[in-house]
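Input: a single structure, listed below in C-alpha cells.
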Amino acid sequence: MTDIVDRTYRDIKSMRVRGALNIAISASRTLREVITSDAKNTPQLLKKLKRAGKKLKSARPTAISLPNAINYILYIADKNSHLELDEFRKKLLVDIDKFIDEQKSALDRIAEIGSNLIKKKDIILTHCNSDTVDTLIKRAWDDGKKIEVVCTETRPRYQGHITARELSSYGIPTTLIVDSAAHLIMKELDIDKVIVGADTIYASGDMINKIGTSQIALCAKELDIDFIVAAESIKFSPLSLLGSMVEIEERDPSEVIKPGKLPRVKILNPAFDITSADYIDVFATEFGVIPPEAVYSLLRERFGWELEI
Ligand code: RUB
C-alpha cells in the first residue's frame with residue numbers, strides 16, 4: 001500500500017501530476033486506494049489513512065487544494081471512526097467519490113460562469129497552465145465567442161506550452177510569447193482580459209499562483225485590463241482566517257540553468273508568487289463571480305468545519 005502512496009507522492013513532487021486541482025484529485029484517489037487496502041479493524045485503517053495523508057500533503061507545499069482535499073477526507077474518516085471496518089470502508093468510498101465528482105462539477109460550473117464574463121472577439125492572456133482556465137476558455141469558444149488567446153511560455157518549466165498546445169489543437173487562435181513580453185504584448189495586441197488559475201486564495205482576497213502572475217497583474221492594473229482568477233473553492237484557504245499562510249515552494253536550481261554553468265552565481269527558483277487582492281477584479285468560482293472582498297465571507301460560510309479540526 002505504501003507503494004501507491006509513494007508513487008503519488010513522487011508524481012506530485014516531480015510535477016508529473018501538476019496543477020492545483022489535479023494534485024488534489026490525485027491525492028484523493030490515492031486515499032481511496034488506501035481505504036481498500038488490508039486492515040484488521042477501523043482504528044488500524046484510520047491510522048494508515050492518516051499516515052498516507054501526512055506523506056501526500058508534504059509532496060508540494062503551496063497549493064492549498066492538496067491539504068484541503070486530504071483534510072476533508074481525514075475529517076470524514078474521523079467522524080465515522082465508530083463504524084465497523086466494512087461499514088467504515090463503504091461510507092468513505094461513497095463520500096470520496098462524491099467529493100471527487102463535486103470537484104469535477106465545480107470545474108464545469110466555473111467554465112459556464114466564466115464564459116459569461118467573456119465577450120465576442122476578446123483577446124485573453126493567460127499564464128502557466130490551469131485546467132480551470134483551459135476549460136473556461138474552451139467553453140467560451142464553444143459558446144461562439146471567437147476569442148484569441150495569448151499564452152506566456154512560463155519559465156522555467158514551460159507550462160505555457162501545454163496551454164498553447166491544448167487550446168490551439170481545440171481550434172482556438174493561440175499565440176505564445178516569452179514571459180518578459182507580457183507588458184508590451186498586452187499593449188500592442190490590446191488584450192481585453194487576463195485569466196489565470198490559483199493555487200491558494202487567502203481570506204484577504206490575495207491569491208497565489210505560478211511565479212510571474214503578480215507581474216502580469218501589475219501590468220493589467222496599469223493598462224486597465226480586467227484580471228480574472230478562475231478557481232474552485234478547494235483553492236480557498238480556511239486556515240488563512242486564522243492568519244495561516246502557505247510556504248512558497250523553492251524548486252531545484254537545475255530547472256533554471258544547467259548545474260555548474262555559472263559556478264559563482266546563486267540561483268533562485270521560487271515556483272509561485274502572491275498577487276494582491278488590489279490587482280484582482282473578480283474570482284470566477286463554482287458559487288458565482290465574487291470580488292476579492294467577498295472571499296472572507298465565502299470562507300466562513302463554506303469551510304467552518306475545517307477550523308474545528
Ligand atoms: C500550476 C499553476 C496553476 C494552478 C491552477 O503550477 O500555477 O495556475 O495550479 O491550476 P504547477 P488548475 O505547474 O507548478 O503545478 O486550475 O489546473 O488547478
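Just so it is clear, the model here is predicted, and its values are computed rather than measured. Order of listing sets the numbers, starting from 1, for every ligand and every atom in it.
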Identify the protein heavy atom lying closest to [atom], giving its residue, its atom name and the separation to 0.1 Å.
atom	result
atom 15 (O) of ligand 1	Arg60 NH1, 2.8 Å
atom 3 (C) of ligand 1	Asn209 OD1, 3.4 Å
atom 13 (O) of ligand 1	Arg18 NE, 2.5 Å
atom 9 (O) of ligand 1	Ala20 N, 2.9 Å

Matching residue for Asp97 among Lys91, Arg32, Arg29 - test: salt bridge (Lys or Arg N to Asp or Glu O under 4.0 Å):
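One option only clears the test, and that one is Arg32.
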Counting heavy atoms only, which of Asp134, Asp199, Thr200 comes nearest to atom 4 (C) of ligand 1?
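Nearest heavy atom to atom 4 (C) of ligand 1 lies in Asp199.
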Hey, looking at atom 12 (P) of ligand 1, which of Leu107, Thr62, Asp131 has the closest heavy atom?
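Among Leu107, Thr62, Asp131, the closest heavy atom to atom 12 (P) of ligand 1 comes from Asp131.
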Taking only non-hydrogen atoms of Cys128, do any sit less than 4.0 angstrom from ligand 1?
yes
Any atom of ligand 1 sitting under 4.0 Å from a heavy atom of Glu249?
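So Glu249 does not count as touching ligand 1.
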Does a salt bridge link Asp143 with Arg139, judged by any charged N lying under 4.0 Å from a carboxylate O?
yes
As a quick check of understanding, evaluate side-chain hydrogen bond (donor to acceptor under 3.5 Å, both in side chains) for Asn269 and Asp252, giving each step before the final call.
CA-CA 7 Å; Asn269 185 19; Asp252 202 278; over 6 Å; no
So, regarding [X] and ligand 1 (criterion: nitrogen or oxygen to nitrogen or oxygen, under 3.5 Å), is there a contact or not?
X	value
Phe272	no
Val133	no
Ser130	yes
Leu21	yes

What do the steps show when you test Tyr72 against Asp95 for side-chain hydrogen bond (donor to acceptor under 3.5 Å, both in side chains), and what is the final call?
CA-CA 10 Å; Tyr72 178 67; Asp95 284 356; 5.9 Å; no
Applying side chain to side chain donor-acceptor pair (under 3.5 Å) between Lys193 and each of Asp281, Asp122, Thr126, report the one that passes.
Asp122
Suppose I only count heavy atoms of Gln159 and a 4.0 Å limit; which atoms of ligand 1 are within that range?
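That gives atoms 11 (P), 13 (O), 14 (O) of ligand 1.
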Atoms of ligand 1, numbered as shown, that sit under 4.0 Å from any heavy atom of Met15:
13 (O), 14 (O)
Interatomic distance, Lys187 atom NZ to Glu222 atom CD [nearest 0.5 angstrom]:
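If I round to the nearest 0.5 Å, the distance is 6.5 Å.
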Indicate, as side chain, backbone, both or neither, the part of [X] found under 4.0 angstrom from ligand 1 when only non-hydrogen atoms are considered.
X	answer
Lys210	both
Glu232	neither
Asn129	backbone
Lys235	side chain
Ala198	backbone

Backbone N/O of Glu166 and side chain of Lys138: donor-acceptor pair under 3.5 Å
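No, the answer is negative, given that no donor and acceptor are paired below the 3.5 Å cut-off.
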Arg60 side chain to Arg18 backbone, donor-acceptor under 3.5 Å
no
Which of these passes side-chain contact (heavy atoms from CB on, under 4.5 Å) with Phe283: Val289, Val229, Leu298, Ile228?
Val229
Using the side-chain contact (heavy atoms from CB on, under 4.5 Å) definition, which of the options Gln159, His161, His127 pairs with Glu153?
His161
For the residue pair Lys210 and Phe272, would you count it as a cation-pi contact if the rule is NZ or CZ under 6.0 angstrom from the ring centre and within 45 degrees of the ring axis?
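Yes, cation above the ring, under 6.0 Å and within 45°.
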Applying side-chain hydrogen bond (donor to acceptor under 3.5 Å, both in side chains), run through Glu232 and Thr132 and close with a yes or a no.
CA-CA 8 Å; Glu232 301 75 19; Thr132 317; 2.9 Å; yes
